[in-house]
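Note sheet for the following structure.
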Amino acid sequence: MTDRPLTLMAVHAHPDDEATGTGGVLARYAAEGIRTVLVTCTDGACGDGPGGVKPGEAGHDPAAVAAMRRQELEASCEVLKVSHLEMLDYGDSGMMGWAANDAPGSFWTTPVDEAAARLADLVRKYRPDVVVTYDENGFYGHPDHIQANRITSRALELAGTAPKVYWTTAPRSMMARFGEVMRELGGEWEEPGSEESEMPEIGLPDEEITTWVDTTGFGGQKFDALAAHASQGENIFFLKMGKEKFTQLMGVETFLRVHDTTGAELPENDLFAGLR
Ligand SMILES: [Zn+2]
């Protein structure tokens with residue numbers, strides 16, 4: 001045991017990813033007195049502008065979008081009681097194949113070692129016990145999410161690893177339920193990995209998931225954090241579910257443990273199992 005507080009560091013690509021992917025664990029562990037550090041790698045400038053205007057359309061001003069999303073991120077952090085927000089402020093690279101991928105300053109074109117060195121400084125500063133980021137495919141193939149995985153792995157090599165490292169994931173059973181709810185709400189949903197979908201299969205078979213954290217008691221906070229990012233079209237779908245359905249569907253957050261020095265038995269229900 002050390003004299004510094006137990007610390008969770010979540011490395012995310014865009015403003016709003018902290019809420020969808022890890023809003024439950026950020027809120028829950030903050031409530032348990034654990035220090036929470038959120039690192040957001042990009043400015044989110046390829047997101048929707050006011051009124052839902054898309055990048056490249058008339059009236060989409062990337063700098064204004066970035067400023068708006070920064071405010072939304074700060075509001076979300078307040079809801080989730082994030083102890084420290086660190087922004088790396090790289091340019092949002094947009095979806096795979098967009099011209100923004102190669103724009104100067106984009107996260108995707110930033111050499112891994114360069115961004116990883118900055119993240120390594122934060123790892124040295126906060127000495128997290130648990131680090132969470134995406135898997136090697138960035139969960140669904142977004143370049144900035146892939147890059148977040150790469151710089152996190154490299155930063156932990158440079159600064160020394162945390163005792164426990166996780167990638168966010170979703171159980172396939174949950175993806176199926178998610179599809180049903182999307183269709184109920186009138187959304188378009190093509191099962192990832194199915195014939196009609198361009199998206200490869202995402203998530204993991206339930207039995208491969210190592211870590212299931214119950215955050216249903218924090219579903220309201222997770223919902224409110226996402227509501228802070230209501231300017232983004234894809235979040236409006238979640239918000240349409242209402243708090244109760246949202247918590248039912250999104251109340252358990254799941255992870256793949258990729259590094260561990262504690263020997264905590266798997267499957268586990270706590271990112272800090274073996275650390276306290
Ligand atoms: Zn994202």
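Both counts, for ligands and for their atoms, begin at 1 and track the order of listing.
Checked against R69 for a salt bridge (charged side-chain N to carboxylate O under 4.0 Å, His left out), the options D16, D48, D43 give a single hit: D16.
Y134 places none of its side-chain heavy atoms less than 4.5 Å from the side chain of D144.
Centroid-to-centroid, the aromatic rings of F238 and F178 come within less than 6.0 Å.
For the Zn ion (ligand 1), the set of nearby N, O or S atoms under 2.8 Å includes one belonging to H145.
The N, O or S atom of H14 with the smallest distance to the Zn ion (ligand 1) is ND1. In D17, the N, O or S atom that comes nearest to the Zn ion (ligand 1) is OD2.
K164 places no side-chain N or O within 3.5 Å of a backbone atom of A264 that could act as its donor or acceptor partner.
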